[in-house]
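Right, one structure below, let's go through it.
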Number of protein chains: 2
Amino acid sequence: MKRENRIYAEEIKKLLIEKGISPSYQRIRIFDFLTTNRIHPSAEMLYLQLIGEMPTLSRTTVYSTLNLFADKGMLKRIFIEGTLVRFDIDTSDHMHFKCTKCGEVFDIFKSAKKLLPKTEHKVINEEVYLYGICKNCK
Amino acid sequence: MKRENRIYAEEIKKLLIEKGISPSYQRIRIFDFLTTNRIHPSAEMLYLQLIGEMPTLSRTTVYSTLNLFADKGMLKRIFIEGTLVRFDIDTSDHMHFKCTKCGEVFDIFKSAKKLLPKTEHKVINEEVYLYGICKNCK
DNA sequence: TACAAGGTTGTAATTATTACAAAATGCAAA
DNA sequence: TTTGCATTTTGTAATAATTACAACCTTGTA
């Protein structure tokens with residue numbers, strides 16, 4: 001589902017409880033960051049952003065929270081860096097574009113599912129990564 | 001380019017020299033393995049396969065050779081495992097399917113380029129990964 | 001035959017991530 | 001309000017894949 005850009009603490013609390021996740025301060029802040037800053041961050045990027053305002057935050061909390069959210073279907077793991085995991089709060093079917101100049105990752109809101117071919121295998125999941133020069137850099 | 005299944009030592013030598021790579025024994029054996037066994041191996045998989053017949057082979061050689069080949073455009077790096085790099089000797093435009101049951105990786109010979117949408121960004125490269133149950137497992 | 005350039009090897013370092021145990025927190029029952 | 005328990009967070013240590021690097025080998029050439 002696609003979401004409004006910002007969801008405030010109370011709404012995030014409700015949402016987490018709905019998903020069976022107890023709404024700790026850290027989890028709320030991490031979720032808030034993801035809805036506010038749609039930058040498909042890695043765990044490390046998120047940690048570096050939040051550590052300024054949450055000096056006791058640990059990397060382990062960031063990793064475990066992101067994995068928890070992903071396992072509950074609230075986040076998608078994306079692998080547009082090759083080996084590094086980045087996270088996308090938008091779990092709808094869409095593709096990703098990464099600018100090889102500025103490094104920014106953009107969503108491309110076309111369903112890959114409809115475009116891609118039928119095969120002799122049973123396809124359950126699809127990931128499409130596009131690379132090139134973004135509209136801002138060219 | 002797509003290749004015949006097996007290219008023998010002399011042909012591999014020629015090919016490596018053409019690409020500006022000196023044809024050492026290790027490089028020939030690694031290239032031979034890739035053309036003979038089209039299993040999209042990781043560095044580790046390749047190392048484990050070859051160490052039986054080449055007892056002094058080191059992991060470092062496998063990694064550096066695969067990176068050399070990839071940088072010369074003779075191999076494609078594929079990221080269908082998330083965290084692990086695998087290599088494909090077929091550098092033509094095509095997609096990859098991974099069976100989540102048996103782990104095998106298949107080529108899907110459709111050009112993603114033609115199927116995928118135009119965007120406001122300049123797309124130079126595309127990677128498509130499909131996941132599901134393969135024809136053998138279902 | 002000796003030398004230089006380049007290739008291979010093994011070990012150590014690095015990076016991203018997970019495992020784990022101790023400390024902190026929140027909540028419910030007494 | 002305190003006690004106790006379950007859960008969460010934290011920090012450190014471990015792991016996995018990969019790269020850096022220096023020493024050792026090979027090979028071709030003068």
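Quantities reported herein were computed from a predicted structural model and do not represent experimental measurements. Note on naming: letters A, B, ... go to the chains in the order of the sequence lines (proteins, then strands), and numbering restarts at 1 for each one. When reading the values below, keep in mind they use all heavy atoms of this one structure, side chains included, and skip hydrogens, waters and symmetry mates.
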Can you check whether A:S92's main-chain N or O pairs, donor with acceptor, with A:K76's side chain at less than 3.5 Å?
-> yes
Please give, in whole Å, the distance from [N] [atom2] to [X] [atom1]?
X	N	atom1	atom2	result
A:L46	C:dA16	CG	C1'	15 Å
A:R29	D:dT10	CZ	P	12 Å
B:I51	C:dT9	CD1	C1'	11 Å
B:I17	C:dG6	CD1	P	16 Å
B:F79	D:dA17	CZ	C1'	12 Å
B:I30	C:dG7	CD1	P	13 Å
B:N67	C:dT8	CG	P	14 Å
A:R59	D:dA13	CZ	C1'	15 Å

When you measure from the side chain of [X], which nucleotide among [options] comes out closest?
X	options	result
A:S58	D:dG11, C:dA16, C:dG10	D:dG11
A:Y63	D:dT9, C:dT17, D:dT18	C:dT17
B:R27	D:dT18, D:dT10, C:dG7	C:dG7
A:Q26	C:dA16, D:dA17, D:dT10	D:dT10
A:S22	D:dT18, D:dT9, D:dT7	D:dT7

Name the orientation class of the two ring planes belonging to B:H40 and B:H96 (parallel below 30°, tilted from 30 to 60°, perpendicular beyond 60°).
-> perpendicular
Any salt bridge between B:K13 and B:E10, counting N to O under 4.0 Å?
-> yes
What nucleic acid atoms does A:S64 come within less than 4.0 Å of, heavy atoms only: base, sugar-phosphate, or nothing?
->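 Contact class for A:S64: none.
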Which part of the nucleic acid does A:S24 contact within heavy-atom distance under 4.0 Å: base, sugar-phosphate only, or nothing?
-> sugar-phosphate
Donor-acceptor pair (no angle test) under 3.5 Å: B:T60 side chain, C:dG10 base = yes
Tell me yes or no: between the side chains of B:R29 and B:Y25, is some donor less than 3.5 Å from an acceptor?
-> yes
Side-chain contact, heavy-atom cut-off 4.5 Å: A:V62 with A:F33?
->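 Side chain of A:V62 against side chain of A:F33, heavy atoms only: no contact under 4.5 Å found.
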